[in-house]
Amino acid sequence: MRVSVIQMNQGSEKQANFDQARRLIEAAVAADRPGLVSLPETWTNLGGGRESRQAAAEVLPAPGDSGGPAYELMRGLAREHGIHLHGGSMIEAPGPGDDPEKLYNTTVVFDTEGHEIARYRKIHMFDIVAPDGTGYRESALYGAGDRLVTFEAGGITFGCTICYDLRFGEHYVALRRMGAEVILVPSNFTLQTGKDHWEPLLKARAIETQCWIIAAASTGQYLERGQPRSVYGHSLVADPWGHVVARASDGTGWATARIDPALTARVRRDMPVMEHRTARRIDLDAAARGA
Ligand SMILES: O=C(O)CNC(=O)[C@H](CS)NC(=O)CCC(=O)C(=O)O
């Protein structure tokens, strides 16, 4: 199966983001005929402020019902092109049982007929101070997810993560335990952190889990309450040995790679790190607690 990562430069103009996503998906499909296409994190809105995020937010429908404009656009593109569409993430408005004060940073995945097959809420919240002093408090606006999510497409098992989740190796190992062969990490990595951490982390996650890593990222600048912020771009696909097998160029665009299950099987057979984890005779968590 071929997979394409879409590299966008979305902002807080919803219609412009929709048009850009549609255009890039159409171009990638026409050029490379991928079986699965992956969008970046919060492709429906980046920046603006609390108001533009709230305005872009959509309540996700019950299975089978119709949703909001972003949801229906993704469903329609999946069906129209006969692709699996991994919708990076969209901003989800709280539904029944959710904290009414929070939004959610949520992946939705559609199959080739436009049926929703997976929904994942970002688990790790980006509450940090960047090297240039910019503070991020994702948890002020977004609620954290509490479920691991995998899905099947074309006989391959995919695992879901989003952006900052990339820094938590145990999240990726847990997805591998659930059978993941490919792990997606749609992102808005900051320029400051991305220049030093993005590619080493992606390669490390590929190598330690022996999974393909599919990383669609936002590029360029956007405005956060009027102030410009830069994101790192550099969308790529890494194979289970940690080789980068496809990369997007600078600017908006896409990159396509072929997922080869025979390579996954060979890497895992020849270096069985998961078996070695299970065989380990020390409980590392207990040992660190001093038990
Ligand atoms: O703000 C929104 O609407 C959507 N959320 C994001 O873009 C999030 C929180 S600001 N970005 C990241 O997680 C970047 C992680 C990163 O750059 C790193 O781990 O170094």
Side-chain angles (χ1 to χ4, degrees), residues 1-6 21 25 28-29 34-44 58 60-65 67 70-90 92 95 104-124 144-163 165-166 168 170-187 202 205-206 209-216 235 237-240 256-261 264-265 268 274:
M1 174 197 271
R2 281 185 302 281
V3 298
S4 297
V5 284
I6 302 289
I25 290 170
V29 167
L36 181 141
V37 176
S38 179
L39 288 164
E41 183 182 19
T42 59
W43 69 270
T44 60
E58 297 180 11
L60 293 183
D65 288 356
Y71 187 92
E72 290 305 316
L73 175 63
M74 290 191 282
R75 184 216 290 280
L77 287 168
R79 197 166 38 202
E80 182 185 334
H81 297 297
I83 52 172
H84 280 87
L85 183 59
H86 169 270
S89 75
M90 58 183 285
E92 182 192 353
Y104 295 90
N105 191 338
T106 304
T107 298
V108 187
V109 186
F110 297 90
D111 71 10
T112 56
E113 277 152 23
H115 298 123
E116 183 188 324
I117 55 169
R119 213 177 260 200
Y120 165 70
R121 287 175 167 175
K122 185 180 187 181
I123 291 176
H124 299 94
D146 59 3
R147 296 168 83 138
L148 293 170
V149 174
T150 62
F151 65 91
E152 298 279 326
I156 296 172
T157 304
F158 291 75
C160 291
T161 70
I162 299 175
C163 198
D165 288 331
L166 176 60
F168 302 90
E170 62 276 23
H171 185 170
Y172 284 65
V173 171
L175 290 169
R176 163 82 200 264
R177 279 194 207 292
M178 291 169 74
E181 298 158 276
V182 180
I183 300 178
L184 298 130
V185 54
S187 297
L202 292 169
R205 296 296 89 88
T209 62
Q210 302 171 320
C211 284
W212 300 75
I213 302 290
I214 310 286
S235 302
V237 179
D239 76 12
T256 303
R258 189 173 51 86
I259 303 293
D260 174 9
T264 323
R268 292 178 177 192
M274 289 303 283

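Below, all heavy atoms of this structure are taken into account, side chains as well, without hydrogens, waters or symmetry copies.
A salt bridge links Lys122 with Glu41; the closest basic N to acidic carboxylate O contact falls under 4.0 Å.
Glu92 places none of its side-chain heavy atoms less than 4.5 Å from the side chain of Asn105. For the pair Met178 and Val149, the minimum side-chain heavy-atom distance is 4.5 Å or more. The shortest side-chain heavy-atom distance between Arg119 and Tyr104 does not fall under the 4.5 Å cut-off. Side-chain contact between Arg268 and Pro240 is absent, with no heavy atoms from C-beta onward closer than 4.5 Å. Ile117 places none of its side-chain heavy atoms less than 4.5 Å from the side chain of Glu152. By the 4.5 Å heavy-atom criterion applied to side chains, Ile183 and Val185 are not counted as neighbours. Considering only heavy atoms from C-beta on, Tyr120 comes within 4.5 Å of Asp165 through its side chain.
In terms of heavy-atom proximity, Ala28 sits nearest to Pro34 at O-CD, 3.6 Å. Counting all heavy atoms, side chain and backbone alike, Ser38 lies closest to Ala216 at O-CB, 3.4 Å. Shown here for Gly159 and Ala180, the closest heavy-atom pair between the two residues is N-CB, 4.1 Å. Nearest heavy atom pair, residue Ala174 against residue Leu148, reads CB-CD1, 3.8 Å. Counting all heavy atoms, side chain and backbone alike, Pro186 lies closest to Pro40 at CB-C, 3.7 Å. For the pair Gly67 and Glu72, the tightest heavy-atom approach, listed with the atom from each and the gap, is N-OE2, 2.7 Å.
Checked against side-chain contact (heavy atoms from CB on, under 4.5 Å), Asp146 has no partners two or more places apart in sequence or in another chain.
The distance from the CD1 atom of Ile83 to the CE atom of Met1 is 10.5 Å, given to the nearest 0.5 Å. Considering OG1 of Thr157 and CG of Leu175, their distance stands at 11.0 Å, rounded to 0.5 Å. Interatomic distance, Leu73 CG to Met90 CE, rounded to the nearest 0.5 Å: 10.5 Å. Separation of atoms CG (Asp111) and CD (Glu116) is listed at 10.0 Å; rounding is to 0.5 Å. Separation of atoms OG1 (Thr150) and CZ (Arg177) is listed at 14.5 Å; rounding is to 0.5 Å.
Residues Ser4 and Thr256 bring a donor and an acceptor atom of their side chains to less than 3.5 Å of each other.
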TODO: Test Arg2 against Ile259 for side chain to side chain contact (heavy atoms under 4.5 Å, CB included), laying out the working first.
DONE: CA-CA 6 Å; Arg2 281 185 302 281; Ile259 303 293; over 6 Å; no

TODO: Tell me, with the steps shown, if Ile6 and Trp43 meet side chain to side chain contact (heavy atoms under 4.5 Å, CB included).
DONE: CA-CA 10 Å; Ile6 302 289; Trp43 69 270; over 6 Å; no

TODO: Show the numbers, then the answer: is there a side chain to side chain contact (heavy atoms under 4.5 Å, CB included) between Leu39 and Ile25?
DONE: CA-CA 9 Å; Leu39 288 164; Ile25 290 170; 4.0 Å; yes

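Each of Ile214, Leu184, Ile156 was compared with Val3 under the side-chain contact (heavy atoms from CB on, under 4.5 Å) criterion, and only Ile214 meets it. Considering His86, His115, Met74 as possible partners of Val109, the one that fulfils the side-chain contact (heavy atoms from CB on, under 4.5 Å) test is His86.
Between Tyr71 and Phe110, the ring planes are perpendicular. Angles over 60° get that label, and only those under 30° would be called parallel. Classification of the His124-Phe168 ring pair by plane angle, with boundaries at 30° and 60°, yields parallel.
Glu58 places a side-chain N or O within 3.5 Å of a backbone atom of Ala70 that can act as its donor or acceptor partner. Under the 3.5 Å distance criterion, the side-chain polar atoms of Ser89 are matched with a main-chain donor or acceptor of Thr42. Between the side chain of Arg205 and the backbone N or O of Leu166 there is at least one donor-acceptor pair closer than 3.5 Å.
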